[in-house]
Amino acid sequence: MATKLSRRDFMRAAAGSAAAVSLAGFLSPYIAEAAEAGELPPVIWLAGGACTGCAVSLLNCQDPDIQDVLLKVISLRFQENVMAAQGEQAINAIYDVVAKYPGQYVLAVEGSVQIKENGKWCVIGEREGHEVTMLQAVKDVGSQAAAIINIGTCSCFGGLPSADPNPSESRSVADIVKGKPIINVAGCPPHPDWIVGTIAHYLLFKDVPELDSAGRPKMFYGRIIHDNCQRRQYFDNGIFAKNFGEMGCMLELGCKGPIAHCDSTTRLWNGGVNWCVQCGGVCLACTEPQFPNWPIYERMAEMPIGPATTATVDQIGFVLGGAAVLGIGGHLAGNIATGRIGSKKDHDKEEGDN
Amino acid sequence: MAQTIKIDPITRIEGHLGVEVEIEGGVVVNAKSMGMMFRGLELIMKGRDPRDAQQIMQRICGV
């Protein structure tokens, strides 16, 4: 039965699975079958300018048990946080895979690649008396990989370490390794389903899932937070929260939902318990390439959409080309016109008076 | 005659850690530990809204 899973079925399951249905649980028999057939390529997980939050997010994968994923489903040959080997023995494990399975293994990268001083800002270990920098490792391992899966916004786009002024000269993996299939599982951190789902898709179909313009799998990043937000009705009715803990759309408090692509609104986190906005926080748009190069708690009336550029919400809508976002722009403009939202200046003044 | 043992990376921890230990006659005589990664999050915080600190600085460590 397991082998009959078509790519279309997979996409449908991945995009549709909400809190009640565990994506990983749905996929596990298919993956287990592939594992038994000995068809699973080795995986090397490198961490650079990372906080290990993405690895911890993956460990939060509840069904199937993460222990089963790591030991039975994928052949994980190097992962600093869980592996027993250390020192040169650990580093050798990376290069053994590169030598034995050229063009057949999958490289997962967490964290940015720091290129300052030839990579000395991130040294992942020592081999034969020489430092191995993250920059060197990504070049060595990435150039021989079958595919690269970037786990988290740092390896996808540079992320937090590359925020202005980018002290460590952090780069995305795509800036370092060229000509390899790269999948960006963005997020700070990404949801375990997005990680497991993307890896599973690659393992089952030996191919990259359909990607959006930022290289993210469409099955998980095809929707905009604002469209499915539980507070959307407040936005449509022009009810805006002025302080945290109040009823209302949190646009004025800095919510970046209108430009954030992911399905947190329906998938929910921590085993389907809650998500960022439902627990009273603003969306940071952590899956977007520009994260966090904007004032996090200020209204996104003027957002940076590229180096040294600013744009209104209407223009962002135009750039994204999404009808939904255009709608937001129009709606927002309407709200401003009717005085339901003050202009940015007025808002600052109000805040100053408090 | 001192013997030097160097272990880099130390695994099963968060981050990039290396340790160098000098041993003489079965006794540790010197030891160094090295944090091998620097992102400069403090430098990123410079000039930003103070409220951003709770989102930026919590990402020092995700464990």
Side-chain angles (χ1 to χ4, degrees), chain A residues 47-57 59 78-91 110-112 114 116 120-127 129 131-134 152 154 159-168 170 188-189 254 281-282 284 286 292 294-298, chain B:
Chain A
C51 71
T52 317
C54 300
V56 170
S57 182
L59 295 177
F78 180 88
Q79 210 290 355
E80 273 189 312
N81 310 118
V82 295
M83 73 191 299
Q86 50 187 6
E88 195 161 342
Q89 203 183 5
I91 299 295
E110 174 186 9
S112 64
Q114 291 146 307
K116 197 168 188 177
K120 295 269 188 209
W121 282 41
C122 181
V123 175
I124 63 166
E126 257 192 51
R127 188 172 181 241
E131 287 172 341
V132 179
T133 63
M134 180 63 178
C154 299
L160 186 76
S162 74
D164 194 44
N166 197 352
S168 57
S170 279
C188 195
V282 294
L284 309 181
C286 69
W294 46 52
I296 292 171
Y297 292 105
E298 279 180 34
Chain B
M1 182 69 191
Q3 187 198 356
T4 305
I5 298 172
K6 194 165 185 182
I7 304 173
D8 183 10
I10 301 282
T11 55
R12 282 156 284 143
I13 56 147
E14 191 278 329
H16 302 272
L17 181 73
V19 171
E20 196 177 316
V21 183
E22 280 175 44
I23 298 165
E24 209 170 316
V27 178
V28 173
V29 292
N30 199 5
K32 301 170 199 167
S33 69
M34 303 158 287
M36 301 306 284
M37 191 267 282
F38 185 73
R39 285 166 295 172
L41 298 193
E42 301 88 340
L43 302 172
I44 291 171
M45 264 316 294
K46 253 186 176 173
R48 290 187 71 124
D49 188 320
R51 292 170 299 176
D52 291 0
Q54 60 187 308
Q55 296 296 345
I56 304 276
M57 302 316 284
Q58 63 154 298
R59 284 167 165 83
I60 283 181
C61 178
V63 174

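The chains referred to below are lettered A, B, ... by the order of the sequence lines, with proteins before strands, and numbering in each begins at 1.
The line from CD1 of Ile44(B) to CG of Asp164(A) is 8.5 Å long, rounded to the nearest 0.5 Å. Here the straight-line distance linking atom CG of Leu160(A) with atom CE of Met57(B) works out to 9.0 Å at 0.5 Å rounding. Interatomic distance, Ile296(A) CD1 to Asp49(B) CG, rounded to the nearest 0.5 Å: 8.5 Å. The line from CE of Met34(B) to CD of Glu131(A) is 8.5 Å long, rounded to the nearest 0.5 Å.
Using a 4.5 Å cut-off between heavy atoms, Cys188(A) contacts chain B through both its backbone and its side chain. For chain B, no part of Leu59(A) is nearby; none of its heavy atoms comes within less than 4.5 Å. Residue Gln54(B) touches chain A through its side chain alone, counting heavy-atom pairs closer than 4.5 Å. For Ile60(B), the part sitting under 4.5 Å from any heavy atom of chain A is the backbone (N, CA, C, O) and nothing else. Looking at Val56(A), only its side chain comes within 4.5 Å of chain B, counting heavy atoms on both sides. With a 4.5 Å cut-off on non-hydrogen atoms, Glu88(A) touches chain B through its backbone but not through its side chain.
For the set Gln114(A), Met134(A), Gln86(A), the entry with the most heavy-atom pairs within less than 4.5 Å of chain B is Gln86(A). No other option in Asn166(A), Ile91(A), Ile124(A) has as many heavy-atom pairs under 4.5 Å with chain B as Ile124(A). Interface check for chain A: of the options Arg48(B), Met36(B), Lys6(B), the most heavy-atom pairs under 4.5 Å are formed by Met36(B). Contacts with chain A were tallied for Gly47(B), Pro9(B), Gly40(B), Cys61(B); Pro9(B) has the most, counting heavy-atom pairs under 4.5 Å. Chain B forms more heavy-atom pairs under 4.5 Å with one residue of Ala90(A), Ala50(A), Ser170(A) than with any other, namely Ala50(A).
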Listing, residues 10-26 of chain B side-chain donor-acceptor contacts under 3.5 Å, not counting sequence neighbours, or none:
residue	atom	partner	partner atom	Å
Thr11(B)	OG1	Met83(A)	O	3.2
Thr11(B)	OG1	Ala85(A)	O	2.9
Arg12(B)	NE	Met83(A)	O	2.9
Arg12(B)	NH2	Ala84(A)	O	2.6
Glu14(B)	OE2	Thr52(A)	OG1	2.9
His16(B)	NE2	Ala47(A)	O	3.2
His16(B)	NE2	Gly48(A)	O	3.0

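Side chain of Arg59(B) to backbone of Gly53(A): no donor-acceptor contact under 3.5 angstrom is found. Using a distance-only test at 3.5 Å, with no hydrogens or angles considered, no donor-acceptor pair links the side chain of Arg39(B) to the main chain of Trp121(A).
The environment of CD in Gln89(A) is sparse: at most 12 heavy-atom neighbours from other residues, nucleotides or ligands sit within 6.0 Å.
Between Trp294(A) and Asp52(B), the shortest heavy-atom distance links the atoms O-OD2, 4.1 Å.
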Legend entry - side-chain contact (heavy atoms from CB on, under 4.5 Å) between Phe38(B) and Lys120(A), worked out: CA-CA 9 Å; Phe38(B) 185 73; Lys120(A) 295 269 188 209; over 6 Å; no

